[in-house]
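Note on naming: letters A, B, ... go to the chains in the order of the sequence lines (proteins, then strands), and numbering restarts at 1 for each one.
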There are 2 protein chains.
Amino acid sequence: MKSITEIFKGLELTESEYTFIQERCQKLELSKGDILLEKGQPTLSQYYVLEGCLRSFFEDTHERDHTLQFAIHDWWISDYTAFFDGNPAVLTIESIQKTTVLEFSREAQIEIFENIPKVESFFREKMEHSFGAFQKRIINDLSKTAKEKYLDFLQTHKEIETHIKNYHIASFLGITTESLSRIRREIAKH
Amino acid sequence: MKSITEIFKGLELTESEYTFIQERCQKLELSKGDILLEKGQPTLSQYYVLEGCLRSFFEDTHERDHTLQFAIHDWWISDYTAFFDGNPAVLTIESIQKTTVLEFSREAQIEIFENIPKVESFFREKMEHSFGAFQKRIINDLSKTAKEKYLDFLQTHKEIETHIKNYHIASFLGITTESLSRIRREIAKH
DNA sequence: TGAAAAAATTGATCTATGATAAGAAAAGAC
DNA sequence: GTCTTTTCTTATCATAGATCAATTTTTTCA
């Protein structure tokens, strides 16, 4: 069974440290379509995906949605702006298949950091990598065509791609489903 | 004279802590057009802007450049992907006017963190906010028209706008200077 | 397994922004 | 203060991707 021993792999935590962490997080089971975080709500937690797939998205004023992030096994997800500064969420997080997550509240996280300092470094490193991923995403958005973005997505999200509907990929790339469909035909031809 | 006392305002550091930090950073004077970091180089430092203005940008395969970030007084800048994971820089950082920065190497930073822990928390918070800014930027890129992005830029970069040429703003927004010019005319009409 | 719902594709047209090419305005240099 | 260079604007035309409207394919589940 997938559990917290997996999250901190590489850290070599003791039994008691694991227990300490385990007591401060909560396992949640989600069905396809369930909403884990609703925009407008306070964002008090960060989530670790054990199994399944989530996506975070932004609904614009025209009721169109724009996917910020997908998260499968071993990924973290939240509305980080909201989580960090205490504002209500601007993102919604939904389960796009049967998913199991571990929920860590801000307080739990701080308590864990204070008691097991190497977990804080672990989190900082995770965040540094996410930061890099965001930087790369912005560069891609600025410099690539829709087709190039799609090809890049297939590369960088290899393990994810099969879980996800094309209309969600389109929403991540910032194009319509129709355009994605044409791009796919283009690619298939060659 | 602007100096490191300003960087960590709110932290209430002692004289000796300031000295410790001061001995581990380096003040650099840049003229307009100087390159602080060149793509392809190892990225060993992070920079704090005392005065002036820098921009980081990405050069694509068509030799077009795309601005990721501007930094004026009291902002930090680097190629964070490169800085964090040790890869060569993909970004170039140039001075777009006479600028003074403080350079902190990765090692200096770690040494400072180890000796003055509250500085580590200070940096983590800085990074959390930058993270939020990147999240917002991606959402804007996905959901807004060029005109909306420009109006948003004027809001969020109020103090910066006067330092920056329109062609750099266009490069930040992901549009051509000609398009920006049209947008500006549009806005002026109303 | 077969009907209903969801997702993907296709075609025709439209539109925002890009490309190219001048010219005008502003900023710097001497 | 004028000359040169840089930056900004304008006009025209081209194009990637959006929109609208079906239709086909795939998935779901009774």
If only side-chain N and O atoms count, and only distance matters, is there a donor-acceptor pair under 3.5 Å linking B:Thr67 with B:Asp65? no
Summarise protein proximity over nucleotides 17-22 of chain C in one line of letters, 5' to 3': B for base, S for sugar-phosphate only, - for none, counting protein heavy atoms closer than 4.0 Å. SBBBB-
Bend of the helix from C:dT1-D:dA30 to C:dC30-D:dG1 from end-axis comparison, five pairs per end, nearest 10°, comes to 60°
Here the distance between atom P of C:dG28 and atom NZ of B:Lys98, to the nearest Å, is 15 Å
Regarding A:Glu59 and A:Arg64, does a basic nitrogen lie under 4.0 Å from an acidic carboxylate oxygen? no
Do A:His66 and A:Asp60 meet the criterion of a side-chain donor-acceptor pair at a distance under 3.5 Å? yes
Please determine whether a side-chain nitrogen of the Lys or Arg among B:Glu128 and A:Arg106 lies less than 4.0 Å from a carboxylate oxygen of the Asp or Glu. yes
Run the side chain to side chain donor-acceptor pair (under 3.5 Å) check on A:Glu38 and A:Thr92 step by step: do they pass? CA-CA 5 Å; A:Glu38 178 94 41; A:Thr92 299; 4.7 Å; no
Identify the two heavy atoms, one from B:Ile7 and one from B:Leu102, that lie closest to each other, and give their separation to 0.1 Å. CD1-CD1, 3.4 Å
Could you tell me the separation between the NZ atom of A:Lys32 and the P atom of C:dA6, rounded to a whole number of Å? 10 Å
I want to check one thing: is the phosphate of C:dT10, taken as OP1 and OP2, less than 4.0 Å away from some side-chain N or O of A:Arg184? no
Protein-nucleotide distance (A:Ile187, atom CD1; C:dA8, atom P), rounded to Å: 15 Å
Shortest non-hydrogen contact from A:Ser105 toward A:Ser45: CA-OG, 3.7 Å
Going 5' to 3' along DNA chain D, between which two nucleotides do contacts with chain B fall, using a heavy-atom cut-off of 4.0 Å? D:dT7 to D:dT12
For A:Ile96 and C:dA6, give me the distance from atom CD1 to atom C1', rounded to whole Å. 15 Å
So B:Phe83 and B:Tyr80, would you call those rings parallel, tilted or perpendicular, with 30° and 60° as cut-offs? perpendicular
Establish, yes or no, whether the cationic atom of A:Arg55 lies under 6.0 Å from the six-membered ring centre of A:Phe57 and within 45° of the ring axis. yes
Would the A:Tyr48 and A:Trp75 ring centres measure less than 6.0 Å apart? no
Stepwise, does the salt bridge (charged side-chain N to carboxylate O under 4.0 Å, His left out) test hold for A:Asp152 with A:Lys147? CA-CA 9 Å; A:Asp152 191 81; A:Lys147 186 177 172 183; over 6 Å; no
A:Lys165 NZ - C:dA5 C1' separation (whole Å): 12 Å
